[in-house]
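See below for the structure under consideration.
This one's a predicted model, so the numbers in the text were calculated from it and none came from an experiment.
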Amino acid sequence: MRLPRPPGDDTAVALADFLSLQPAERLAVRLRAEGIGAQVWPAAQAANRLPIDEPPIGPTVMVRATDHADAVVLAGLFAEIDAGVSRFAPPPVDFWHGSPRRQVIGAVLLLVLAVAVGAVLLAAARY
């Protein structure tokens with residue numbers, strides 16, 4: 001992901017270009033969820049908005065010039081979150097890779113569930 005600077009005061013400026021469409025779409029969706037109008041343009045269309053010496057390498061996320069500064073900050077935060085290095089949003093941890101206390105509680109709950117299912121099955125087998 002490259003983050004070029006906004007040129008002048010155009011209505012749409014390039015935020016980031018990607019090698020494939022999927023990460024570009026993902027960033028655009030995330031930005032739209034935050035209230036920033038973002039669209040994915042093909043590289044040929046976005047090339048008109050970028051300097052000649054910095055052509056886009058693929059699908060490009062375009063935002064309004066007024067939203068560019070906010071979009072750059074959010075794109076950086078999203079990149080940190082995806083890389084798992086964000087101080088503000090640590091990566092999710094599943095139940096079994098959490099603290100030892102959570103693991104013990106989980107094991108006890110599974111044991112209680114197994115005993116309850118066994119008791120029900122045993123009661124059903126007697127009748």
Evaluate side-chain contact (heavy atoms from CB on, under 4.5 Å) for Val61 paired with Trp41, printing each intermediate quantity in order. CA-CA 6 Å; Val61 178; Trp41 289 10; over 6 Å; no
Taking every non-hydrogen atom, the tightest pair across [X] and [Y]:
{"X": "Pro59", "Y": "Val40", "value": "CB-CG1, 3.9 Å"}
{"X": "Val13", "Y": "Ala65", "value": "CG2-CA, 4.0 Å"}
{"X": "Ala46", "Y": "Met62", "value": "CB-SD, 4.2 Å"}
{"X": "Glu25", "Y": "Arg32", "value": "OE1-NH2, 4.5 Å"}
{"X": "Asp17", "Y": "Gly58", "value": "CB-O, 4.2 Å"}
{"X": "Thr60", "Y": "Ala14", "value": "CG2-CB, 3.8 Å"}

If you measure from [atom1] on [X] to [atom2] on [Y], what distance do you get to the nearest 0.5 Å?
{"X": "Arg26", "Y": "Asp82", "atom1": "CZ", "atom2": "CG", "answer": "4.0 Å"}
{"X": "Arg30", "Y": "Glu34", "atom1": "CZ", "atom2": "CD", "answer": "9.5 Å"}
{"X": "Leu121", "Y": "Arg126", "atom1": "CG", "atom2": "CZ", "answer": "12.5 Å"}
{"X": "Leu19", "Y": "Ile57", "atom1": "CG", "atom2": "CD1", "answer": "4.0 Å"}

Do Leu109 and Ile105 have side chains that get closer than 4.5 Å, going by heavy atoms?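 SC-SC contact between Leu109 and Ile105 confirmed.
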Determine whether Phe88 and Ile81 make a side-chain contact, defined as any pair of heavy atoms from C-beta on separated by less than 4.5 Å.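 No; the side chains remain at least 4.5 Å from each other.
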Among Leu15, Leu27, Leu31, find the one that has a side chain to side chain contact (heavy atoms under 4.5 Å, CB included) with Leu74.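 Between Leu74 and the candidates, side chain to side chain contact (heavy atoms under 4.5 Å, CB included) is satisfied uniquely by Leu31.
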